[in-house]
**Q** 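Dropping a structure here in structure tokens format, bear with me for questions.
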Amino acid sequence: MEILHVAEFESPFGTMRCASTGKGLAYVQLPRASGRGFAGWRRRHAPDLGVEEAWKPNQAAIRQISDFLEGKRREFDLPLDLRATDFQARVYEALCEVPYGETRTYTEIARAISQPRAVRAVGTANGANPLSLVIPCHRIVAAGGKLGGYAGGLPMKKKLLAMEHSSPLEGDLL
């Protein structure tokens with residue numbers, strides 16, 4: 001039986017959780033995450049996997065996420081076990097193309113995946129991102145620079161954007 005290795009760790013934003021398989025990092029839970037969280041993700045994407053609390057299989061992910069949140073890392077170099085639909089995978093690939101310190105709108109992501117009418121579906125995929133931070137969904141804003149939602153809450157999204165020196169909301173970040 002394939003095992004889902006789960007580890008909680010402290011970050012500058014609070015307690016986080018990550019889960020990995022033998023293929024790579026599969027899930028990152030942000031502090032104060034809204035939505036279904038780990039239990040919902042597991043029911044939908046890994047119902048047959050056993051769960052084991054394990055620090056070592058997640059050590060590289062924890063180190064890279066911590067470094068990112070402390071401003072010491074701009075990109076991630078981790079094997080991933082992305083459990084997503086084809087459409088979601090295309091959205092996530094486009095999200096990964098958004099450079100550190102920059103933002104894009106949901107409309108721009110829809111255009112980037114050659115589905116300009118799929119703005120709402122892009123938003124839904126963005127909200128279902130199982131690898132927050134690693135797949136930088138915090139860099140996506142609504143038209144006009146409004147923040148929209150974020151699994152870790154809008155205060156965390158504002159702090160992440162400020163940390164990356166991204167200022168699409170001028171004066172609205174602090």
Side-chain angles (χ1 to χ4, degrees), residues 2-47 49 51-52 54-104 106 109 112-113 121-141 148-154 156-157 159-161 163-164 166:
E2 190 175 12
I3 300 292
L4 191 60
H5 304 281
V6 179
E8 284 191 358
F9 62 100
E10 290 302 316
S11 79
F13 289 90
T15 304
M16 296 181 66
R17 176 187 294 180
C18 61
S20 63
T21 66
K23 294 178 187 173
L25 184 65
Y27 183 81
V28 174
Q29 182 173 313
L30 301 173
R32 296 171 291 287
S34 59
R36 293 169 287 211
F38 176 70
W41 174 86
R42 182 174 175 238
R43 270 193 304 279
R44 184 175 180 129
H45 298 286
L49 272 59
V51 175
E52 175 182 291
W55 176 266
K56 190 167 183 162
N58 291 296
Q59 193 170 8
I62 291 168
R63 183 176 47 254
Q64 288 189 31
I65 290 167
S66 296
D67 286 350
F68 175 81
L69 293 173
E70 292 170 8
K72 299 175 185 174
R73 170 178 286 277
R74 291 181 172 222
E75 296 177 3
F76 292 90
D77 181 24
L78 296 166
L80 302 178
D81 182 358
L82 183 60
R83 294 164 186 248
T85 66
D86 289 340
F87 179 82
Q88 288 171 330
R90 289 178 31 229
V91 170
Y92 300 151
E93 185 176 322
L95 298 181
C96 289
E97 296 296 317
V98 179
Y100 184 94
E102 295 184 22
T103 61
R104 298 291 184 273
Y106 297 103
I109 297 300
I113 64 167
V122 165
T124 300
N126 199 55
N129 177 8
L131 293 167
S132 293
L133 304 175
V134 177
I135 296 174
C137 56
H138 63 278
R139 296 180 188 151
I140 310 308
V141 297
Y150 188 61
L154 292 182
M156 183 176 186
K157 185 171 184 168
K159 288 178 183 177
L160 289 168
L161 291 173
M163 178 190 78
E164 292 189 16
S166 181

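FYI, the numbering just counts along the sequence from 1.
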**Q** I need the minimum non-hydrogen distance between Leu82 and Pro130, along with the two atoms involved.
**A** CD1-CG, 3.8 Å
**Q** Can you name the nearest heavy-atom pair linking Leu160 to Phe68, along with the distance?
**A** CD2-CE2, 4.2 Å
**Q** Any chance you could measure Phe9, atom CZ, to Arg63, atom CZ, to the nearest 0.5 Å?
**A** 12.0 Å
**Q** Side-chain atoms of residues 69-76: list all donor-acceptor pairs with protein atoms under 3.5 Å, sequence neighbours left out, distances to 0.1 Å.
**A**
| unit_1 | atom_1 | unit_2 | atom_2 | d |
| --- | --- | --- | --- | --- |
| Glu70 | OE1 | Lys72 | NZ | 3.0 |
| Arg73 | NH1 | Glu75 | O | 2.7 |

**Q** Of all the heavy-atom pairs spanning Leu4 and Ala46, show the shortest one and how long it is.
**A** CD2-CB, 4.5 Å
**Q** Indicate the atoms forming the closest heavy-atom contact of Ser11 with Gly14, along with that distance.
**A** OG-O, 2.8 Å
**Q** If the condition is side chain to side chain donor-acceptor pair (under 3.5 Å), which residues does Thr21 pass it with, not counting sequence neighbours?
**A** Asp81
**Q** Check the pair Trp41, Arg83 against side chain to side chain contact (heavy atoms under 4.5 Å, CB included), reporting the backbone distance first and the verdict last.
**A** CA-CA 10 Å; Trp41 174 86; Arg83 294 164 186 248; 3.9 Å; yes
**Q** Tyr27 vs Val6, test: side chain to side chain contact (heavy atoms under 4.5 Å, CB included). Steps then yes/no.
**A** CA-CA 9 Å; Tyr27 183 81; Val6 179; over 6 Å; no
**Q** How long is the gap from CZ on Arg139 to SG on Cys96, to the nearest 0.5 Å?
**A** 8.5 Å
**Q** Report yes if the side chains of Leu30 and Leu133 come closer than 4.5 Å at any heavy-atom pair, otherwise no.
**A** yes
**Q** Does a side-chain heavy-atom distance below 4.5 Å link Pro99 with Arg104?
**A** yes
**Q** In Å, rounded to the nearest 0.5 Å, how long is the span from CD of Glu10 to CD1 of Ile62?
**A** 11.0 Å
**Q** Can you name the closest pair of heavy atoms from Leu95 and Pro136 and give their distance?
**A** O-CG, 3.4 Å
**Q** With heavy-atom distances below 4.5 Å as the criterion, would you say the side chains of Tyr92 and Val134 are in contact?
**A** no
**Q** Return the OG to CD1 distance between Ser20 and Ile3, rounded to the nearest 0.5 Å.
**A** 11.0 Å
**Q** How would you list all residue pairs meeting side-chain hydrogen bond (donor to acceptor under 3.5 Å, both in side chains) that involve residues 129-138, not counting sequence neighbours?
**A** His138-Glu164
**Q** Taking atom CG of Asn58 and atom CZ of Arg17, what is their separation to the nearest 0.5 Å?
**A** 11.0 Å
**Q** For the side chain of Gln64 and the backbone of Asp77, is there at least one donor-acceptor N/O pair under 3.5 Å apart?
**A** yes
**Q** Using a 3.5 Å distance criterion without hydrogens, assess whether the side chain of Lys157 forms a donor-acceptor pair with backbone atoms of Ile140.
**A** yes
**Q** Calculate, to the nearest 0.5 Å, the distance between atoms CZ and SG belonging to Phe38 and Cys18 respectively.
**A** 10.0 Å
**Q** Is the CD atom of Glu93 crowded by more than 12 outside heavy atoms at less than 6.0 Å?
**A** no
**Q** Taking Tyr150 for the side chain and Met156 for the main chain, is one N or O donor matched with an acceptor at less than 3.5 Å?
**A** no
